[in-house]
Amino acid sequence: MINKKIILGLFVISFLGSCAPPAAMIGPAYSLTSSGNILQAGLSYGSSEMITMYTGKTPLENLQEISSTEIYKTKNIHKKTLESEDFYILVKQNVEKTNKILKSTNQ
């Protein structure tokens with residue numbers, strides 16, 4: 001039974017892969033068939049359309065933009081940390097402390 005659903009799902013997705021408007025109905029249609037709740041399916045479709053009208057982007061595009069900016073901010077934080085004066089002083093102190101320990105053990 002599960003294999004039939006997977007094959008049917010792949011078959012439907014392959015035909016609707018390049019269609020933007022029908023693809024927007026796949027999520028609510030899945031919600032309707034899995035839960036049987038028309039209100040939930042309508043709310044899903046309506047919220048998606050509202051987000052698209054308000055932002056000009058689909059919810060998926062908004063999520064991709066948010067995740068790409070978070071990655072960019074994270075990279076900048078790492079770069080700023082490595083280039084900061086405090087980090088340099090911390091590393092220098094740890095290297096000096098390690099050198100003292102090594103010198104004392106070698107004697």
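The figures here come from the full heavy-atom set of this structure, side chains too, leaving out hydrogens, waters and symmetry mates. We count residues from 1, following the sequence as given.
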Q: Measure across T58 and T52 and return the closest heavy-atom pair with its distance rounded to 0.1 Å.
A: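 Residues T58 and T52, closest heavy atoms: CA-OG1, 3.8 Å.
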
Q: Please report the closest heavy-atom contact between T105 and L102, naming both atoms and the distance.
A: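 Smallest interatomic distance, heavy atoms only, reads OG1-O, 2.9 Å.
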
Indicate every side-chain donor-acceptor pair of residues 83-92 with a distance under 3.5 Å to a residue at least two apart or in another chain.
from, atom 1, to, atom 2, distance (Å)
S84, OG, T81, O, 2.9
S84, OG, F87, N, 3.3

**Q.** Contacts of I51 that satisfy side chain to side chain contact (heavy atoms under 4.5 Å, CB included) - sequence neighbours left out
**A.**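 For I51 the side chain to side chain contact (heavy atoms under 4.5 Å, CB included) partners, ignoring immediate neighbours, are T55, P59, N62.
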
Q. Is there any salt bridge (Lys or Arg N to Asp or Glu O under 4.0 Å) pair reaching into residues 98-107, and which pairs are they, with sequence neighbours excluded?
A.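 Counting only pairs at least two positions apart or across chains, no salt bridge (Lys or Arg N to Asp or Glu O under 4.0 Å) contact touches residues 98-107.
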
